[in-house]
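Heads up, the thing below is written out as C-alpha cells.
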Amino acid sequence: MAATETPLQGETIETIYEKGAPGRRAFVAPELDVPQVDGLLPDELRRAEGPRLPELSEPEIVRHYVRLSKRNFDLDSGFYPLGSCTMKHNPRLHERVAALPGHARLHPFQHPKRAQGALELMWNLERALGEISGLPHVSLQPSAGSHGELAGVLLAKAYHADRGETRTKVLTPDTAHGTNPATVTMAGLEVVKVGTNADGGVDLDDLRAKAGEDVACLMLTNPNTLGVFDANIEEIARIVHDVGAVLYYDGANLNAIMGITRPGDMGFDIVHFNLHKSFTQPHGGGGPGSGPIAVSERMEPYLMNPRIVRDDDGSFDLRDVSEKSIGRLRGFQGNYGCFVRSYAYIRSLGAEGLKDASVSAVLNANYLLARLGDVAEHLPLAYGRLCMHEFVLSGAPMKRELGIKTLDLAKRLLDHGYHPPTVYFPLLVDEALLIEPTETETRETLDGFADAIKTILAEAAEDPEIARTAPHTTPVRRLDEAGAAKRPVIRQPM
Ligand SMILES: *Cc1c(COP(=O)(O)O)cnc(C)c1O
C-alpha cells in the first residue's frame, strides 16, 4: 500500500516494510561457535513462522531514516519552546560518555560485583538528586515522570495503610499536568480538583474546604504550569500536613528552582524528577526517559526494592532493604543511558552551574515575555506580571479580533522554522499558549521568535486565511490530530 492518505506535499514516503526485498540483508551474523540448544521454549510459545521483518541493505536503512529525520522538526533543527516539556539542548559530551562501551554494552544481567562502576555512578546520581531536591532517599527505577508519579502515589498509599488508615482521595490543582489525575486513577484513588486563585496559585479556601482526613496526598508543582511560583507554599504544606496527608511535588521541570530552593525545604515528602527534561536527554519522540523519585525519612521504608547500597568496604550491591517496600516497579534498574547523561550534566555544571542554568532559564523566559509585550493586546499574559521558567499567554483576544486561533498561530510558526509552543494547556486558560524557551537559547533566537509572532499577527490583520491554512512550507500539511490519535494506521504486514 502506498503512503498516499496523508496530506503530503510532493513525493510520498514508503514505510520501511514497503522498501527492500526478501532475503536482502544489512548484516550477516557470524557462524555459531557454541553448540545450538533446542527445546528451551515450550512448543506452545513458539511461532509457527518467523515475523515479517523489513529486509533492507544498509544504505537503504540509512537513507530511509535520514530522509525521515529531514522531514521532521527536532531540537537540533530549531527552537523548540514546548512549555512544560523543557526541550533543552543535550550537550554532545553526554552522548560520548553514554556511548563508552563500559556503559553502552553493560548487560542488564551483569552481576553487581562486575558492574561496580555503573552502580557507583547510579549511587552518586542518587546522592546528587537527593541534594538537589532536599529529600535524601532516592530510587532511580521509574522510566518516566508519570511512572515516578505512580511510584509516589503508591508510596503515599502504603504510608497510610501502614498506619492503619484508608485514604481514598488525592488533591490536584486544576493547573496540574494531565498525568497527575491519570496517575491517581491508575493507583485506584479518586481525583479531587482544587481551584486556582487570581494570582495563579492554589486557592487556599478551596484547599482548606477539600483537605480532610480522607485525603491521601496533594500533588503540586511549584512553579506550576502557569509559570507562577506559589508563594503560599508553606501555608499549603501546613494545611496538607495538618490533616495527616502527604505532600507530593511534581518535579518534572526543576528548571526554575535548581540550586535556588528545594522541594524538601518547602515541606514536600516526595518528588519525582524528569531526567529527560531538567537534566538533558534527547526526548519528545518517545525515546527512553527516566523519572526517579526522592523521598523524606518518613517515606523511606516504602521506597522501591531493590536499593543500591554501599557496604563498609566501599563496594556496591543491589539489595532489598525494607519489608514495607512497595516492591519493584519495573525490570532491571531503569534506563541506564539516561543516568549517565544526567550524571554528566550534573558533574560538568556543578552546583553553581545548575543554579546558573535555572537563573538563565528564568531570565530567558522573562526576556521573551517582555519582547512579546508588544503584542500583549492580542496575546496577553494569563496570570501575573513576571514568570518563572515558562509563561502562558491567552490567544482569546487574537481569536476575537484577528480571526485566528492559537492553533493557527502555532501552525504558522512552523513556516517560520519554529516548533510551536504547547497549545490549549493549561486548560483553565482560554486559547492557551504555554512557552518555555529554556536556558540553552541565545538572545538572537528569542528575538527571532518574538519577531515571527509579531509578523504572523500583522499578517493575520491583513489576511487571516494564511494562518488558518498553515503550515504551507512543511512536508506535511495540517493534520487531523484527533484522528491520528484515535485511528492509528498500522502498516506492519501481518
Ligand atoms: C512532562 C511532565 C510530566 C510527565 O512526565 P512524562 O515523562 O512525560 O511521563 C508530569 N508533570 C509535568 C509538570 C510535566 O511537565
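The figures that follow rest on heavy atoms only: side chains count, while hydrogens, waters and symmetry mates do not. Counting starts at 1 for both ligands and their atoms, following the listed order.
The pair Glu235-Arg208 meets the salt-bridge criterion, since a charged nitrogen lies less than 4.0 angstrom from a carboxylate oxygen. By the 4.0 Å N-to-carboxylate-O rule, Asp174 lies too far from Lys193 to be salt-bridged with it.
Atoms of ligand 1 lying under 4.0 Å from any heavy atom of Thr179, numbered from 1 in the order shown and given with element: 3 (C), 4 (C), 10 (C), 11 (N). Taking a cut-off of under 4.0 Å to the non-hydrogen atoms of Ala144, the atoms of ligand 1 that pass are 7 (O), 9 (O). Within ligand 1, the atoms closer than 4.0 Å to a non-hydrogen atom of Glu149 are 10 (C), 11 (N), numbered from 1 in the order shown. For ligand 1, the atoms sitting less than 4.0 Å from at least one non-hydrogen atom of Ser84 are 13 (C), 14 (C), 15 (O), numbered in the order shown with element in parentheses.
For the residue pair Gln281 and Ser342, a side-chain donor N or O sits within less than 3.5 Å of a side-chain acceptor on the partner. Remark: the His160 side chain and the Asp162 side chain contain no N/O donor-acceptor pair separated by less than 3.5 Å. Counting only N and O atoms by type, the side chains of Glu441 and His89 include no donor and acceptor under 3.5 Å apart. Side chains of Arg163 and Tyr159: a donor-acceptor N/O pair is present below 3.5 angstrom, by distance only.
Nearest non-hydrogen protein atom to atom 13 (C) of ligand 1 is Asp250 OD2, 3.4 Å. Among all non-hydrogen protein atoms, the one lying nearest atom 6 (P) of ligand 1 is Gly145 N, 3.5 Å.
Between Thr225 and ligand 1, a contact under 3.5 Å exists for no N or O pair. Looking at His147 next to ligand 1, no N or O pair under 3.5 Å apart turns up. On a distance-only criterion, Cys85 and ligand 1 share no N/O pair closer than 3.5 Å. Between Thr221 and ligand 1, a contact under 3.5 Å exists for no N or O pair. Geometrically, ligand 1 and His272 share no nitrogen or oxygen pair separated by less than 3.5 Å.
Here the closest heavy-atom approach between residue Lys324 and residue Tyr302 is recorded as O-CD2, 3.5 Å.
Crowding of Glu95 atom CD: a count of heavy atoms from other residues, nucleotides or ligands under 6.0 Å exceeding 12.
Using the six-membered ring where Trp is involved, Phe109 and Phe332 have ring planes that are perpendicular, over 60° apart on the 30 and 60° scheme.
With a 4.0 Å cut-off on non-hydrogen atoms, Ser146 touches ligand 1 through its backbone as well as its side chain. Here Asn274 has side-chain heavy atoms under 4.0 Å from ligand 1, and that is the only part of it that gets that close.
Among Glu390, Lys277, Met219, His276, the residue whose heavy atom lies closest to atom 14 (C) of ligand 1 is Lys277.
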